[in-house]
Amino acid sequence: MCGIVGYSGSRQAVEVLIDALKRLEYRGYDSAGIAVCGKELQVHKDKGEIAGLEETLPMLKGTVGISHTRWATCGRPSKNNAHPFVDCRGKFALVHNGIIENHIALRKELQARGHKFTSETDTEVLVHLLEENFKGDTHEALLESLKKVKGTYAVAVIRLGSKEVVAARKENPLVIGLGVGENFVASDVTALLNYTNNVLYMMDGESAVITPGSVKLFNESGGRVEREPTLVSWTVEDAEKGGFDHFMLKEIFEGPSAIHNTLLGNLNEIVTGDSIIDSNFSSVKIIACGSSYHAAMVGKYLIETISSIPTTLEFASEYRYSSGAKEMPLVILVSQSGETADTLAAAREARRRGCQTLAITNVVGSTITREVDEVFYTHAGPEICVAATKTYITQLMALYVLGMRIGHSHGALSHDALRLLRSELRSMPQYVREVLENAAAIEEATDMIVNARDVFFIGRNINYPTVLEGALKLKEISYIHAEGYAAGELKHGPLALLNPDMPVVAVCIRDHTYEKMLANLTEVAARDSPVLAIGYDDDTELSSVANRVIGIPKVKPIFTPVLIAVTLQLLAYYTARRKGCPIDKPRNLAKSVTVE
Ligand code: F6R
């Protein structure tokens, strides 16, 4: 996820471009850049946040320009990898948000034709394609260039000597702001509210040409589109969180696109065979902390179920003090931030022991990426709220893909089985969307827990980690004491605690543990604890053992941890909101834990 702004008008563009860009910093903040069209194309970019860029900004004179704040996806955060990119002749500057999947092949072709590249990014191919395709019309050249590209984009371009900003989008947002004698384009309406609240939302496949006095909108085949502008009622303050009350809620609702981005590219590579995943190992160890550890626990079930390769788990903080036995597993380290001190120490220890290491992380260029043999990026975009939400479900996605890959390369998963799993995985964004559509029912269900002092979460098998994660989410943001338990363990002690004031949240999916779960719920009901059950939405039996039921779409049991995690994230969020807690920044917690 990155932020884009474009301006064409009569003010000095630099002022608008920097001010508007700052409002998009939630979309990325590892590097930033700006290009302004004056007598020449002036570009200034650097690693780090926009404030840093601003401090070193030279005089950029001109009334047309583009700017960009980056969240690295391809190429680590650095000055060279920051946008905008300029073609070899210094005519075009371009900014991009999205992922160009076929950039390696395109880069090779362009290099063979003499183009010189200055960055490691996927984006740079676009500006070189533009240079090749330009025959006097920037819009036509952009459309021609985009035809060669596989992937997703929101892109904005300026050309030396022109007042036009040309933009196009596919699966990444762009909105046009309409002013008087000036027009704008941006990734999000947030950026524009200081200047206008009269906007045109661009649709997928559309492109636009913006000048100070006109805005022309085009469909995928280049035909003109007429659309009535929308008057946005948001204030600048509302818009920082995209209209959501908290970053946490916004980030939960970004789940479908985050999943989509994690799968993009990675899913097609399952059968390519040029990764350490395909090497000869007979066991796997997954190491992580906190929520990432819960994702790792789901990963253990997945890898063992799909590939039959024995998989163990270890807390990062424990691994370095363990004996290490004589095993040589493939070590997978899971860390959203890539900066957690314990996980970094575990990565170093694993390598010291001679193991091959792979990190699953969301942050390109984070420390862990330099400590391991291979990296799997989740591409969930920046997560501002301290509590992990979209990054948790994208870690699960990464583990599905890796599990399938291990299963396939170790001969445990046939092509047909792989095809079926892959097809269900591709539908996950839609299933998560269905869970989000049920948010009002989940919010209502908070009646059952909002006044409780303690809450139990129970589940079995692949959803045992899910209930640990549900309990962690509730305790960290609502400050209600919550415990996750393997449902079968309840009768070995904790049953003593159950009473009418202690609600139990139970995950009860129709899989091979279903009958046992129903029996556990009967035990709970016998102690008069109120039961909130989460099961398939076509399950009519659950209401006989639960006080309230929340349904999820009927996916294969192996995929239910994603949908239930989102349900429990919403449950924790609405509970904390009713209690008036500081949701995005819970007390005593930090987003990345850089001490051991
Ligand atoms: C809880 C949460 C933490 C992190 C943990 C590890 O919502 O976010 O438990 O999961 O601190 O962080 P990463 O994944 O950055 O290594």
Side-chain angles (χ1 to χ4, degrees), residues 30 71 246-252 255 258 262 286-299 313-320 331-348 350 357-372 375-399 457 465-480 482 484 561 565-566 568-573 575-576 581-596:
D30 61 42
W71 179 257
H246 296 93
F247 279 110
M248 181 172 179
L249 192 60
K250 175 169 178 285
E251 286 157 7
I252 295 173
T262 307
I286 321 182
I287 303 176
C289 305
S291 290
S292 298
Y293 182 80
H294 298 148
M297 288 177 79
V298 179
L313 291 165
E314 208 135 4
F315 284 118
S317 53
E318 292 295 322
Y319 175 69
R320 56 192 307 206
V331 171
I332 300 179
L333 298 121
V334 188
S335 175
Q336 179 282 127
S337 62
E339 301 295 347
T340 300
D342 284 322
T343 314
L344 291 176
R348 289 174 198 130
T357 52
L358 180 146
I360 297 175
T361 186
N362 191 40
V363 184
V364 176
S366 57
T367 309
I368 204 160
T369 63
R370 297 193 289 275
E371 301 285 352
V372 293
V375 183
F376 188 119
Y377 288 112
T378 47
H379 299 313
E383 193 171 66
I384 311 289
C385 174
V386 165
T389 54
K390 63 176 176 171
T391 58
Y392 177 78
I393 57 171
T394 54
Q395 286 171 348
L396 297 184
M397 286 298 132
L399 287 158
F457 284 71
T466 314
V467 298
L468 295 181
E469 176 59 9
L472 177 64
K473 278 299 85 100
L474 187 68
K475 67 184 128 189
E476 70 182 323
I477 63 163
S478 77
Y479 310 146
I480 295 175
V566 176
L568 295 179
Q569 288 167 1
L570 285 171
L571 189 72
Y573 170 78
T575 306
C581 297
I583 293 176
D584 287 332
K585 290 192 177 126
R587 70 185 176 215
N588 305 339
L589 299 179
K591 187 70 187 160
S592 53
V593 184
T594 52
V595 288
E596 291 180 43

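Counting starts at 1 for both ligands and their atoms, following the listed order.
Heavy-atom contacts of G290 reach the following atoms of ligand 1: 9 (O), 10 (O) (cutoff under 4.0 Å). Within ligand 1, the atoms closer than 4.0 Å to a non-hydrogen atom of K473 are 1 (C), 7 (O), numbered from 1 in the order shown. Ligand-side atoms of ligand 1 in range of E476: 1 (C), 7 (O), range being under 4.0 angstrom from any heavy atom. Numbered from 1 in the order shown, with element, the atoms of ligand 1 that lie under 4.0 Å from a heavy atom of S292 read 10 (O), 13 (P), 14 (O).
Relative orientation of the Y573 and H246 rings is perpendicular, given thresholds of 30° and 60° on the angle between their planes.
The shortest N or O to N or O distance between S337 and ligand 1 is under 3.5 Å. In terms of polar-atom proximity, A388 is counted as a contact of ligand 1, with an N or O under 3.5 Å from an N or O of the ligand.
The shortest separation from a heavy atom of E339 to ligand 1 is not under 4.0 Å, leaving the residue out of contact. Taking a 4.0 Å cut-off on heavy atoms, V386 registers as neighbouring ligand 1.
The number of heavy atoms from other shown groups lying within 6.0 Å of NZ (K475) is above 12.
Between F315 and I287 the shortest heavy-atom distance is C-CG2, 4.2 Å. Closest heavy-atom contact between P586 and V386: CD-CB, 3.7 Å. The two atoms that bring K473 and E469 nearest to each other are NZ-OE2, 2.7 Å, heavy atoms only.
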Worksheet item: Where do R348 and E371 land on the salt bridge (Lys or Arg N to Asp or Glu O under 4.0 Å) test, with the steps shown first?
Response: CA-CA 7 Å; R348 289 174 198 130; E371 301 285 352; 3.1 Å; yes
